[in-house]
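Here the structure is laid out as structure tokens; the discussion comes afterwards.
Just so it is clear, the structure is predicted and the values come from calculations on it, not from any experiment.
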Amino acid sequence: MNGIGRAVRTYLDHLSVERGLAENTLKSYRRDLRRYQEHLASAGVEELDQVTEASVADFLVRLREGDTDHQPLGSTSAARTVVAVRGFHKFAVRDGLAQTDPAAAVKPPTPAKRLPKALPLSDVEAILEAAGSPGTALSARDKALLEVLYGTGARISEAVGLDIDDLDLVDGVIRLRGKGSKERIVPVGSFAREAVKAYVEGARRDLVGTGKGGPALFLNARGGRLSRQSAWAVLVRTAERAGVTRDVSPHTLRHSFATHLLDGGADVRVVQELLGHASVTTTQVYTLVTVDNLREVFATSHPRARA
């Protein structure tokens, strides 16, 4: 057994005895470090002080590309393996087994961003259509709530936090209070305006009468402010009634609002302001969705795009 092999065994003993890692976790470390040893051995590296930053970086490349004995690893699996290697080298320096840490500057790969899930417009329209039935005070409230969520891109907490005084239906705007108590004024489309106007002038008055009154725009059956959990349940029930089988949440409507705007040609910085994002970088993840949409349309429509 060479110097690296002995150091790995010492490190695994440390993880088992002193840190008390679970057996399954130890198996993962053992597997990852065995592959690392094989990589170093193939490069003729047998002692810890022979390992360089380039050795570790090359190992990461091999993880992502794969070889004759291993499938390429995704970013999450490769990151886990690199974390094991970094932990090993850090331990080796701390325990006096090596002079330097060649893995310190090699960062684990960042997992790919999960793209927001947007509903097709037809699904959104089906949900909003279903929200108007069966014609009760609560259904009128539900209609107004869902139209506001999709029509403004509001977070669920922003929507249920709305007060009557936050509305200006004459100018067609609503004041939303976002993260960090930051306020923004956003336009409200005609469908949402009509739904909110009908609710405020009719159903809301009935709901106020069941409670003590208050400034909240969206009320529950007892006349109090609608909670986030209840608003979520409203959307889920309405989606089921509309026959929409995809996973739906209030944030799904926010994603759909942003994606549909960008699909329609809106500037990303305008969408940033509407969503209340502090940085345009946060908003730009939605542009990845629209690029995917463009790619799909191109692949199915252009005569030279087909394989």
Non-hydrogen side-chain atoms of Arg254 and Ile156 separated by less than 4.5 Å: no
Can a donor-acceptor pair be found, under 3.5 Å and without considering hydrogens, that links the side chain of Arg86 to the backbone of Val106? yes
Rest of the hydrophobic cluster containing Val17 (Ile/Leu/Val/Met/Phe/Trp/Tyr, side-chain heavy atoms under 4.5 Å)? none
Residues in side-chain contact (heavy atoms from CB on, under 4.5 Å) contact with Leu121, at least two apart in sequence or another chain: Glu125, Tyr150, His260
Quick one: sort the Tyr11 and Tyr29 rings into parallel, tilted or perpendicular, breaks at 30° and 60°. perpendicular
Check: Ala131 main-chain N/O paired with Thr238 side-chain donor or acceptor under 3.5 Å: no
Within residues 57-75 or reaching into it, pairs that qualify as salt bridge (charged side-chain N to carboxylate O under 4.0 Å, His left out) - sequence neighbours excluded: Asp58-Arg62, Arg62-Glu65
With distance as the sole test, does Lys143 use its side chain to make a donor-acceptor pair with the main-chain N or O of Leu128 at under 3.5 Å? yes
For the residue pair Thr259 and Ser256, confirm or rule out a side-chain donor-acceptor distance under 3.5 Å. no
Tyr199 versus Leu207: any side-chain heavy-atom pair under 4.5 Å? yes
Between Leu235 and Leu149, is there a side-chain heavy-atom distance shorter than 4.5 Å? no
Side chain to side chain, Thr25 and Arg19, heavy atoms closer than 4.5 Å: no
Applying side chain to side chain donor-acceptor pair (under 3.5 Å), name anything that partners Ser157, two or more places apart in sequence or on another chain. none
Inter- and intrachain pairs under side chain to side chain donor-acceptor pair (under 3.5 Å), touching residues 93-102, at least two apart: none
Expected output: side-chain Arg31 to main-chain Thr81 donor-acceptor under 3.5 Å: no
Quick test of your reading: applying salt bridge (charged side-chain N to carboxylate O under 4.0 Å, His left out), list the pairs with at least one residue in residues 223-244, sequence neighbours left out, ordered by first then second residue. Asp163-Arg225
Connecting only ILVMFWY residues whose side-chain heavy atoms lie within less than 4.5 Å of each other, what is the rest of Trp232's hydrophobic cluster? Val236
For Ser227, side chain to side chain donor-acceptor pair (under 3.5 Å) partners two or more places apart: Ser230
Qualifying residues under side chain to side chain donor-acceptor pair (under 3.5 Å), relative to His251, sequence neighbours excluded: none
ILVMFWY cluster membership beyond Val173 - transitive side-chain contacts under 4.5 angstrom: Ile185
Check: Gly74 main-chain N/O paired with Ser77 side-chain donor or acceptor under 3.5 Å: no
Ser55: partners by side chain to side chain donor-acceptor pair (under 3.5 Å), with sequence neighbours left out: Thr52
Are Leu169 and Val200 side-chain neighbours, meaning at least one heavy-atom pair lies under 4.5 Å? no
Counting only N and O atoms by type, is there a donor-acceptor contact under 3.5 Å from the side chain of Thr10 to the main-chain atoms of Arg6? yes
Report, one line per pair, each donor and acceptor closer than 3.5 Å where one atom sits in a side chain of residues 264-274; sequence neighbours left out.
residue, atom, partner, partner atom, Å
Asp267, OD2, Arg269, N, 2.8
Gln272, NE2, His277, O, 3.4

